[in-house]
J.: 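The structure follows.
Residue numbers count from 1 along this sequence. For clarity, every value in this text was computed on a predicted model and none was experimentally measured.
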Amino acid sequence: MSCVYTGSHTTDGVLRSDRAYADLKRRLLVGDFGLNVRLGEERLAAELGVSRTPVREALLRLHAEGLVRRAQDGGYLALAPDVDSMRHLYEVRIALELQALHRPGRTRSVHDAVLLAALRDEWRALADEEQEPNPGFVLVDESFHLSLAESAGNPVLVDLLRQLNERIRVVRMQDFLTVERIEQTIVEHLGILDAVLDGDLVMAEQRFDAHVAQSLAVVEQRVLLALARMAADPRKP
C-alpha cells in the first residue's frame, strides 16, 4: 500500500487555516486588538483552539491584505486604518465612477446594454440568495462597479478604478459586516442598473451618490469605532 504525504496542507489543515483567517479578519476589522499589541501566535492559537500553524498562515494572508503590519523585532501588529486617506480615496473613486457614468453622453455613444443586462441578471440572482456577514463581499461589490464603468467604454478609466479599489479595499471591508448592509447594497446596485438601462442618467447619478454616501458613512463610523477600541484595549502580548 502506498502512502501519499500531504504535508501540513491537509483538508483539515486548510479548514483550520481558513477559520483562523476569517475569525482574525473579523476581529481586526472591529478593532479587537490593541494598538502596538503583538499578535502572538501562541496566544491566538489558544484563543482559537488551533495549533500555531493555521494562525501563522492566517497572519501571512492578513499581512498581504494590509490588515496587519510586521513589527520591527518580528511578529505582527494590527494596522490602524488612516481615516484621512480613506476619505481622499473615496473622493477620487466617486470622481472616476461619475466620469464613467456620464462618458457615453459626452462622447455621443451609449453604455453597453448587453453587459449591463447580464450584470443585472447576476445581481437579481444574488438578491434571491441568503446572505451572511462577509468582509469578502467587497470583491463582489468591486466587480459590480468595475463592470458598470466598463460599460462606458474607457478601459483606462476602468484600470484606474481597479487600482484605486485595491488601495481602499482594506477599509471598505467594513461596509459588509452585517447582512443588512449587504442586502441594501444589492438593492441599491439594482436601482442604479435600472436607471442606466432606462437611459435616465440623472436618476442613475442620484442613486449612485446616495449609495456611495451611505457606504462612506457606514465605513467611517465603523473605522472610528474600531480605532477607539484599539486605543482603549488594555491587553498585552
J.: Applying salt bridge (Lys or Arg N to Asp or Glu O under 4.0 Å), can you list everything that pairs with D121, at least two apart in sequence or on another chain?
T.: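 Counting only residues at least two positions away or on another chain, D121 forms no salt bridge (Lys or Arg N to Asp or Glu O under 4.0 Å).
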J.: What I'd like to find out is whether the side chain of H189 reaches to under 4.5 Å of the side chain of R120, using heavy atoms alone.
T.: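 No. Closest side-chain heavy atoms not under 4.5 Å.
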J.: Identify the two heavy atoms, one from L227 and one from P81, that lie closest to each other, and give their separation to 0.1 Å.
T.: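 Shortest heavy-atom contact: CD2-CD, 3.7 Å.
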J.: Just to verify, what does D82 make a salt bridge (Lys or Arg N to Asp or Glu O under 4.0 Å) with, not counting sequence neighbours?
T.: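 So D82 forms no salt bridge (Lys or Arg N to Asp or Glu O under 4.0 Å) with any residue.
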J.: Within a radius of less than 6.0 Å around CZ of R167, do more than 12 heavy atoms belonging to other residues, nucleotides or ligands occur?
T.: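 Result for CZ/R167: open.
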J.: For E166, does the CD atom sit with more than 12 other heavy atoms under 6.0 Å from it, leaving out its own atoms?
T.: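 Yes, enclosed.
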J.: Flag the pair V55 / L48 as yes when at least one side-chain heavy-atom distance between them is below 4.5 Å, and no otherwise.
T.: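 Of all side-chain heavy-atom pairs linking L48 with V55, at least one is under 4.5 Å.
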J.: How close do Q174 and V218 get, counting heavy atoms only, and between which atoms?
T.: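 Answer, listing the atom of Q174 first, then V218: O-CG1, 4.5 Å.
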J.: Locate the shortest heavy-atom distance separating R38 from A71; write the atom from each residue and the value.
T.: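 So the two residues come closest at NH1-CB, 4.0 Å.
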J.: Can you confirm whether more than 12 heavy atoms, excluding those of E132, are under 6.0 Å from its CD atom?
T.: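 Not buried by this count: 12 neighbours or fewer within 6.0 Å.
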J.: Membership question, hydrophobic clusters at under 4.5 Å side-chain separation (ILVMFWY): are V171 and L77 in the same one?
T.: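 In one cluster: no.
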J.: Let me have the donor-acceptor pairs involving side chains of residues 175-185, under 3.5 Å, with sequence neighbours excluded, atom names and distances please.
T.:
from	atom 1	to	atom 2	distance (Å)
D175	OD1	R181	NE	2.7
D175	OD1	R181	NH2	3.0
D175	OD2	R181	NH2	3.0
D175	OD2	S215	OG	3.0
T178	OG1	R181	N	3.2
R181	NH1	Q184	OE1	3.0
Q184	NE2	E188	OE2	2.9
T185	OG1	R181	O	2.8

J.: Please tell me whether V138 and V140 are part of a single hydrophobic cluster in this structure, the criterion being side-chain heavy atoms less than 4.5 Å apart.
T.: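 Yes, same cluster.
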J.: Hey, are the side chains of L44 and R52 touching, using non-hydrogen atoms and a 4.5 Å cut-off?
T.: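 No; the side chains remain at least 4.5 Å from each other.
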J.: Sequence neighbours excluded, which residues qualify as side-chain hydrogen bond (donor to acceptor under 3.5 Å, both in side chains) partners of E65?
T.: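 E65 satisfies side-chain hydrogen bond (donor to acceptor under 3.5 Å, both in side chains) with Y21, K25 once adjacent residues are dropped.
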J.: State, yes or no, whether a side-chain contact exists between M203 and I192 at a heavy-atom distance under 4.5 Å.
T.: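 Result no, sub-4.5 Å side-chain heavy-atom pair not found.
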J.: Quick check for you: to the nearest 0.5 Å, what is the distance between L193 atom CG and R207 atom CZ?
T.: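 It is 10.5 Å, given to the nearest 0.5 Å.
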J.: Are L224 and Y90 connected in a single hydrophobic cluster, I mean Ile/Leu/Val/Met/Phe/Trp/Tyr linked by side-chain heavy atoms less than 4.5 Å apart?
T.: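 They do share one cluster, since a chain of ILVMFWY contacts under 4.5 Å joins Y90 to L224.
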J.: Run the side chain to side chain contact (heavy atoms under 4.5 Å, CB included) check on I94 and F208 step by step: do they pass?
T.: CA-CA 9 Å; I94 292 168; F208 171 81; 4.2 Å; yes
J.: Only counting residues at least two apart or in another chain, list the ones meeting salt bridge (Lys or Arg N to Asp or Glu O under 4.0 Å) with R70.
T.: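 R70 satisfies salt bridge (Lys or Arg N to Asp or Glu O under 4.0 Å) with no other residue.
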J.: Working note: F33 + R229, criterion side chain to side chain contact (heavy atoms under 4.5 Å, CB included); need CA distance, chi angles, decisive distance, verdict.
T.: CA-CA 8 Å; F33 300 105; R229 288 191 66 188; over 6 Å; no
J.: Applying a strict under-4.5 Å side-chain criterion to I, L, V, M, F, W and Y, I'd like to know whether V187 and F137 cluster together.
T.: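 No, V187 does not connect to F137 through the hydrophobic network.
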J.: Within this structure, what is the CG-NE2 distance for the pair L148 and H111, rounded to the nearest 0.5 Å?
T.: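 Between L148 CG and H111 NE2, I get 6.0 Å after rounding to 0.5 Å.
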J.: Return the CG to CG distance between L119 and L197, rounded to the nearest 0.5 Å.
T.: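 If we round to the nearest 0.5 Å, L119:CG and L197:CG are 9.0 Å apart.
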J.: For residues Q99 and R106, determine if any side-chain heavy atom of one lies less than 4.5 Å from a side-chain heavy atom of the other.
T.: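 Q99 reaches R106 side chain to side chain.
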J.: Tell me whether D141 is salt-bridged to R169, with the criterion being a basic N under 4.0 Å from an acidic carboxylate O.
T.: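 Salt bridge flag = no for R169 with D141.
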J.: Given the rule that I, L, V, M, F, W and Y join up when any side-chain heavy atoms are under 4.5 Å apart, are V92 and M86 in one cluster?
T.: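 Yes: a chain of side-chain contacts under 4.5 Å links V92 to M86.
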J.: For the CD1 atom of I168 and the CE atom of M173, what is their distance to the nearest 0.5 Å?
T.: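 Reported value, rounded in 0.5 Å steps: 12.0 Å.
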J.: Could you give the distance from CG (L28) to CG (L59), rounded to the nearest 0.5 Å?
T.: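 Atom-to-atom, L28:CG and L59:CG are 8.0 Å apart.
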J.: For the pair Q131 (side chain) and L126 (backbone), establish whether a donor and an acceptor sit closer than 3.5 Å, ignoring hydrogens and angles.
T.: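 Side chain of Q131 to backbone of L126: a pair is present.
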J.: Could you grab the distance from atom CG of N154 to atom CG of L96, nearest 0.5 Å is fine?
T.: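 Result: 10.0 Å between the selected atoms.
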J.: Using modelled atom types and a 3.5 Å cut-off, is there a donor and acceptor pairing between side-chain atoms of S147 and backbone atoms of S143?
T.: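 Side chain of S147 to backbone of S143, a donor-acceptor pair under 3.5 Å: yes, one is there.
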J.: Indicate the atoms forming the closest heavy-atom contact of M230 with A78, along with that distance.
T.: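 Residues M230 and A78, closest heavy atoms: CE-CB, 3.7 Å.
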J.: Apply side chain to side chain contact (heavy atoms under 4.5 Å, CB included) to residues D159 and Q163 and explain how you reach the verdict.
T.: CA-CA 6 Å; D159 187 56; Q163 294 176 46; 2.9 Å; yes
J.: Keeping E220 on the side-chain end and V83 on the backbone end, is there a donor-acceptor pair under 3.5 Å?
T.: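 Between the backbone of V83 and the side chain of E220 there is no qualifying donor-acceptor contact (under 3.5 Å).
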J.: Check whether any side-chain heavy atom of E205 sits under 4.5 Å from a side-chain heavy atom of H102, and report yes or no.
T.: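 They are in contact (side-chain heavy atoms under 4.5 Å apart), so the answer is yes.
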J.: My understanding is that only residues two or more places apart in sequence, or in another chain, count here; which of them pass salt bridge (Lys or Arg N to Asp or Glu O under 4.0 Å) with D23?
T.: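 Scan of D23 (salt bridge (Lys or Arg N to Asp or Glu O under 4.0 Å), adjacent residues dropped) gives R26, R27.
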J.: Identify the two heavy atoms, one from A20 and one from P54, that lie closest to each other, and give their separation to 0.1 Å.
T.: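 Heavy-atom minimum between the residues: CB-O, 4.0 Å.
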J.: Go through the side-chain N and O atoms of R93 and H145 and say whether any donor and acceptor fall under 3.5 Å apart.
T.: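 Note: R93 and H145 side chains meet the donor-acceptor criterion.
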J.: With side chain to side chain contact (heavy atoms under 4.5 Å, CB included) as the test, would you mind laying out the steps for L79 and L67 before giving the verdict?
T.: CA-CA 5 Å; L79 187 63; L67 284 167; 5.9 Å; no
J.: Compare all side-chain heavy atoms of L60 with those of H63 and state whether any distance is below 4.5 angstrom.
T.: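 No. Closest side-chain heavy atoms not under 4.5 Å.
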J.: Provide the closest heavy-atom pair for L35 versus A231 in the form atom of the first, atom of the second, distance.
T.: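 Taking every non-hydrogen atom into account, CD1-CA, 4.1 Å.
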J.: Please assess E47 against R43 for the test salt bridge (charged side-chain N to carboxylate O under 4.0 Å, His left out), listing each intermediate value before the final yes or no.
T.: CA-CA 6 Å; E47 291 179 3; R43 173 171 59 84; 3.4 Å; yes
